[in-house]
Each structure stands twice: as structure tokens, then as C-alpha cells.
Amino acid sequence: MITKRTDNFDIDQICVSGQCFRMERTAGGTYSVIAGDRYVEVAQEEDRCTFYCGAEEFEAFWRDYFDLSNDYGAYIESIDTKDEYLRKAAEVGSGIRILRQDLWEMTASFLISQQNNITRIRKCISNICEKYGEKKEALSGSTYYAFPRPEALAELGEDDLKECNLGYRSKYVVRTARSITSGEADLDYIRSLPYPEAKAELLKLYGIGEKVADCICLFALHELDAFPVDTHISQALKRHYRRGFPKRRYNGYRGVMQQYIFYYELNGKP
DNA sequence: TATCAGGCCCTAG
DNA sequence: CTAGGGCCTGAT
């Protein structure tokens with residue numbers, strides 16, 4: 001295990017922010033995090049976090065995963081002092097980080113997320129992992145399931161994932177998995193592209209529209225300019241930004257502001 | 001019973 | 001190009 005001082009980092013806020021679906025509070029008050037085929041537990045007290053993994057693994061993977069080398073205080077300080085709504089939202093969600101998650105896992109996860117609620121999204125993903133993912137054992141001895149590779153889902157029938165409660169999204173996931181294994185879509189290539197081109201490639205996949213593509217860009221490709229607009233964000237923007245959200249002001253990190261607003265709308269209000 | 005939840009696809013006009 | 005119906009499923 002390794003303990004780090006962490007500013008503007010709140011593991012609970014990250015957990016409920018809705019960008020990751022395989023992080024949860026454990027009985028012991030720590031958080032379990034599954035990313036691809038990796039697993040770690042995190043405990044936080046104030047501004048000190050303990051990661052239950054070796055120092056090498058922390059440096060090689062989890063530091064980047066949690067975006068710990070980035071200065072979110074600077075993002076928050078840049079907010080327009082006259083924009084009380086955004087300042088409040090950022091204050092409430094100041095511990096949020098934009099994680100660097102796996103591209104395939106985010107693609108499948110946000111295909112599932114559409115017209116769906118977070119509780120059920122988590123359930124769907126957990127079902128898929130248990131049915132098609134590799135069973136693994138953590139250092140602590142607890143077992144978990146890795147997220148299945150595209151190959152494992154590509155061979156299914158289009159409706160087979162309905163058994164995992166995906167409903168009509170089943171064919172979206174299966175067809176997209178097939179596009180990837182067939183080489184029709186190349187995730188390594190997409191990863192190498194700048195934001196607009198990467199988004200355009202993602203939009204070619206069956207079941208991926210504007211909102212889902214932006215979520216994938218933000219949470220997997222770490223394109224901080226991606227600004228996913230869902231029903232909640234859309235309503236918040238109408239209420240607080242009649243003349244449109246000042247995207248220009250936050251050029252380069254608009255997606256961070258989107259997350260503060262999203263978190264505030266869903267979890268921040270009394 | 002109807003509506004909605006972190007949309008997208010497809011078809012008409 | 002824009003509007004609108006249909007789609008799985010569970011919660012309210």
C-alpha cells in the first residue's frame with residue numbers, strides 16, 4: 001500500500017459522479033475500484049489517500065488513472081467570479097477528477113448508459129462482467145471479474161445480452177464489439193486522433209450518438225474539451241445560461257466544468 | 001396505467 | 001435537415 005497527499009480529490013465524489021460504473025463503497029468504508037482487468041482499494045482521510053497496491057503499480061497505472069498529476073485547483077480558480085452558479089457547482093464537486101479509463105470499456109459502458117439510470121447501468125455491467133469476464137483474485141484475496149474483451153462479446157447473438165438486462169442496447173454492444181474485432185474500427189487508431197476526428201470515428205459505430213461519443217472522449221481519451229450534453233445538462237444550461245455556456249472561456253477543459261455541473265445537478269443540491 | 005431514466009436509429013416530409 | 005415514433009426494463 002502507498003499513501004499520498006491528494007488535493008482536490010474526493011474518492012466518494014468520483015464514485016458517485018457517474019463517469020465510472022465499477023467503483024463502490026465497501027463495508028469497511030474503503031472503495032473498491034475495478035478498471036479493465038485491474039483492481040485496487042482506496043481509503044481516504046481528509047487530504048490523504050491510501051492505495052492498496054504496490055508503489056510500482058501505483059506509479060505505473062493508478063496515478064494516471066486518477067489523474068493525480070493534474071492541478072484541478074487551477075481549473076476551479078479560473079472560473080468567472082461573476083458566475084455564481086458554476087462557482088458553487090465547482091465548490092461542491094471540487095474533489096472530482098476526470099479518470100483515464102479504458103477505451104473499449106467506456107465504449108460499451110456508455111452504449112449501455114443511454115436512456116438508463118445509474119443503478120441499472122451498474123447492474124448491467126456487473127452482469128456482463130460476471131458472465132463473460134475473466135475471474136480474478138485481488139491482493140486482498142477478494143475475487144472480481146475483469147471487463148470482457150471485445151472478442152468475448154463479438155461472438156454473441158445480437159440479443160444475447162438481453163439476458164444481462166441490456167434490453168434494446170444489446171445489439172448496440174454486440175455489433176460494436178464485432179466492428180472492433182473485425183478491424184472495421186480500430187481503437188488504437190482512434191486513440192491516436194485529436195478530439196474532433198476521434199469523435200467522428202466513434203460516431204460511425206452502431207448505437208453511438210453525440211452524447212455517448214462525448215462521454216467516451218472525455219472519460220477514456222481524456223479529451224477535456226468534450227462536453228457531453230444529456231437531459232440534465234441541457235436543462236441546467238437552459239436555466240443558468242440563457243445565452244449559452246461560455247465555452248470559449250474554458251477552452252481546453254470544458255469537460256471538467258461539465259462534470260461540476262452534472263455532479264451538482266444530481267448530487268449537490270440539498 | 002403512464003411516464004421517465006445520463007439516446008440513438010430510422011423513416012417521413 | 002428536422003421531427004417524431006419505437007425501443008428493453010424497472011422505478012415512481
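Convention: sequence-line order gives letters A, B, ...; per-chain numbering from 1.
- Relative ring orientation between Phe219(A) and Phe110(A) is described as parallel, the plane-to-plane angle staying below 30° on a 0-90° scale split at 30° and 60°.
- Hydrophobic clustering, with ILVMFWY side chains joined whenever heavy atoms are under 4.5 angstrom apart, keeps Ile118(A) apart from Met23(A).
- Checking Phe262(A) against Arg175(A), the closest nucleotide of DNA chain B that is more toward the 5' end is the one next to Phe262(A).
- Distance check, rounded to the nearest 0.5 Å: CD1 of Ile125(A) to CD1 of Ile34(A) gives 11.0 Å.
- Salt-bridge check for Glu163(A) with Lys131(A): passed, with a basic side-chain N closer than 4.0 Å to an acidic carboxylate O.
- The nearest whole Å value for the distance from the CD atom in Glu158(A) to the P atom in dC9(B) is 14 Å.
- Here Lys135(A) does not pair with Glu130(A) in a salt bridge; the nearest charged N to carboxylate O distance is not below 4.0 Å.
- Side-chain contact between Tyr206(A) and Leu111(A) is absent, with no heavy atoms from C-beta onward closer than 4.5 Å.
- Comparing dG5(C) with dG6(B), their P atoms sit 22 Å apart, to the nearest whole Å.
- Within residues 196-210 of chain A, the residues approaching DNA chain B are Leu205(A), Tyr206(A), Gly207(A), Ile208(A), Gly209(A), Glu210(A), by heavy-atom distance under 4.0 Å.
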Intermediate values then yes/no, side chain to side chain contact (heavy atoms under 4.5 Å, CB included), Ser109(A) and Arg22(A): CA-CA 10 Å; Ser109(A) 296; Arg22(A) 307 196 71 202; over 6 Å; no
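- Separation of the Phe245(A) and Phe227(A) ring centroids falls under the 6.0 Å cut-off.
- Atom NZ of Lys171(A) and atom P of dC9(B) are 10 Å apart (whole Å).
- By the 4.0 Å N-to-carboxylate-O rule, Lys204(A) lies close enough to Glu201(A) to be salt-bridged with it.
- Side-chain contact between Leu187(A) and Ile180(A): present, with at least one pair of heavy atoms (C-beta onward) separated by less than 4.5 Å.
- Contacts with DNA chain B (heavy atom under 4.0 Å) in residues 108-120 of chain A: Phe110(A), Ser113(A), Gln114(A), Gln115(A), Asn116(A), Ile118(A), listed by number.
- As judged by a 4.0 angstrom heavy-atom cut-off over every strand, Lys162(A) is placed among residues touching the sugar-phosphate backbone only.
- In this structure, Tyr263(A) and Gln259(A) have side chains that are not in contact, with every pair of non-hydrogen atoms separated by 4.5 Å or more.
- For DNA chain C, the span of nucleotides reached by chain A at under 4.0 Å from its heavy atoms goes, 5' to 3', from dC7(C) to dG10(C).
- The distance from atom NE2 of His232(A) to atom C1' of dG7(B) is 13 Å, rounded to the nearest whole Å.
- In this model, a side-chain donor or acceptor of Lys211(A) finds a partner on the base of dG6(B) within 3.5 Å.
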Pair assignment for DNA chain B - dot-bracket with | for other-strand partners, Watson-Crick or G-U under 3.5 Å: .||||.|||||||
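- Going from the C1' atom of dG10(C) to that of dC9(B) covers 23 Å, rounded to whole Å.
- Across the P atoms, dT11(B) and dC8(C) are found 15 Å apart, a figure rounded to whole Å.
- Partners of Tyr195(A) by ring-ring contact (aromatic ring centres under 6.0 Å, His included), not counting sequence neighbours: none found.
- The CD1 atom of Ile233(A) sits 15 Å away from the C1' atom of dA5(B) (whole-angstrom rounding).
- The pair Glu24(A)-Arg122(A) does not meet the salt-bridge criterion, since no charged nitrogen lies less than 4.0 angstrom from a carboxylate oxygen.
- With sequence neighbours left out, the ring-ring contact (aromatic ring centres under 6.0 Å, His included) criterion links Tyr144(A) to Tyr39(A).
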